[in-house]
Amino acid sequence: MPELSPRLRGVVDALPLRPGLRVLEVGGAPGAAAREVAERVGPGGHVLVLDRSEAGIARTREACRALVEAGRLSTLCAPVEDFALPPGTAPFDLAFACRVGALDGRHPRLRGPALGCLRAALVPGGVLLVDTGDPLAVVRLDGHAPAAGAP
Ligand SMILES: C[S@@+](CC[C@H](N)C(=O)[O-])C[C@H]1O[C@@H](n2cnc3c(N)ncnc32)[C@H](O)[C@@H]1O
């Protein structure tokens, strides 16, 4: 079971969490931060772990089994630059990402498509926080059109 490192605890502490919030973590495998976030948003909230790694998603589901079974945490295996929420999934209030190249500047070509997909997955005015700040920076999603094929 992945432990919450001091780095990730600092990130989770910096998120504007409250009970009932729906939170999307990009690149969240193997689930250490997501599990802590799920505890903080409580049974009325929800966390979706989006990760492109099938092995990472499998590890997340194993590490967070109780939360998955309780319907408080779910997973989606897809790249952030080319994903859409499954039909019927309510949009998310908040998204965050740590050490994900498509969002932290390492893969600039992917950034626009990733922001478009995230904009489509969040409520209007939803917030994206990325670990390019101290520890997090808010990324504006206005002006990023949904990626082709996204709802
Ligand atoms: C360096 S790890 C960081 C994991 C965790 N967020 C942390 O900070 O400890 C990056 C994670 O993001 C995932 N990832 C990288 N690029 C991605 C992308 N474009 N879309 C979705 N997941 C991605 C990887 O599969 C991996 O699980």
Side-chain angles (χ1 to χ4, degrees), residues 1-17 21-41 45-68 72-123 126-151:
M1 181 163 301
E3 292 301 319
L4 190 63
S5 65
R7 172 182 64 86
L8 283 178
R9 183 170 295 282
V11 166
V12 174
D13 285 346
L15 293 171
L17 299 177
L21 216 60
R22 291 176 58 78
V23 180
L24 192 167
E25 183 181 2
V26 182
R35 196 174 49 206
E36 179 66 20
V37 170
E39 295 300 341
R40 297 192 189 191
V41 298
H46 190 83
V47 179
L48 172 66
V49 174
L50 171 73
D51 202 292
R52 68 181 177 187
S53 163
E54 284 185 21
I57 288 292
R59 289 178 62 199
T60 302
R61 295 185 70 83
E62 178 61 30
C64 304
R65 181 187 298 270
L67 288 164
V68 170
R72 295 171 55 185
L73 187 147
S74 56
T75 57
L76 180 61
C77 189
V80 64
E81 66 274 14
D82 185 18
F83 86 100
L85 296 179
T89 305
F92 288 80
D93 302 299
L94 173 72
F96 73 102
C98 296
R99 300 199 296 163
V100 177
L103 294 169
D104 66 12
R106 283 179 288 154
H107 301 300
R109 188 176 54 82
L110 301 180
R111 183 176 168 84
L115 296 184
C117 290
L118 284 167
R119 180 172 181 265
L122 297 184
V123 298
V127 175
L128 169 65
L129 294 136
V130 179
D131 63 338
T132 51
D134 182 22
L136 297 173
V138 176
V139 176
R140 285 187 55 121
L141 293 173
D142 313 359
H144 288 277

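Note that ligands are numbered from 1 as they come in the structure, with each ligand's atoms numbered from 1 the same way.
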Check ion pair R111-E81 (N to O, under 4.0 angstrom) |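 No.
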Taking salt bridge (charged side-chain N to carboxylate O under 4.0 Å, His left out) as the cut-off, I'd like each qualifying pair that reaches into residues 6-16, sequence neighbours left out, listed once.
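Only D13-R40 qualify under salt bridge (charged side-chain N to carboxylate O under 4.0 Å, His left out).
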What are the distances between nitrogen or oxygen atoms of ligand 1 and protein nitrogen or oxygen atoms, counting only those under 3.5 Å?
unit_1	atom_1	unit_2	atom_2	d
ligand 1	6 (N)	G27	O	2.8
ligand 1	6 (N)	C98	O	3.0
ligand 1	8 (O)	R7	NH1	3.0
ligand 1	8 (O)	R7	NH2	3.3
ligand 1	8 (O)	C98	O	3.4
ligand 1	9 (O)	R7	NH2	2.8
ligand 1	9 (O)	R99	NH2	3.3
ligand 1	16 (N)	R52	NE	3.4
ligand 1	19 (N)	E81	OE1	2.9
ligand 1	20 (N)	V80	N	2.9
ligand 1	22 (N)	R52	N	3.2
ligand 1	25 (O)	D51	OD1	2.6
ligand 1	27 (O)	D51	OD1	3.3
ligand 1	27 (O)	D51	OD2	2.6

Self-check item: Shortest non-hydrogen contact between R22 and A90, atoms and distance
Solution: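 Heavy atoms of R22 and A90 come nearest at NH2-O, 2.8 Å.
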**side-chain hydrogen bond (donor to acceptor under 3.5 Å, both in side chains) contacts touching residues 91-108 (sequence neighbours left out)** =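 Non-adjacent pairs meeting side-chain hydrogen bond (donor to acceptor under 3.5 Å, both in side chains): D104-R106.
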Point to revise | Residues forming a side-chain hydrogen bond (donor to acceptor under 3.5 Å, both in side chains) with R61, sequence neighbours excluded | key: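 So R61 forms a side-chain hydrogen bond (donor to acceptor under 3.5 Å, both in side chains) with T75.
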Point to revise | Test applied, side-chain contact (heavy atoms from CB on, under 4.5 Å); reference residue, L94; option that passes from V37, V23, V47 | key: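 Of all the options given, the one that passes is V23.
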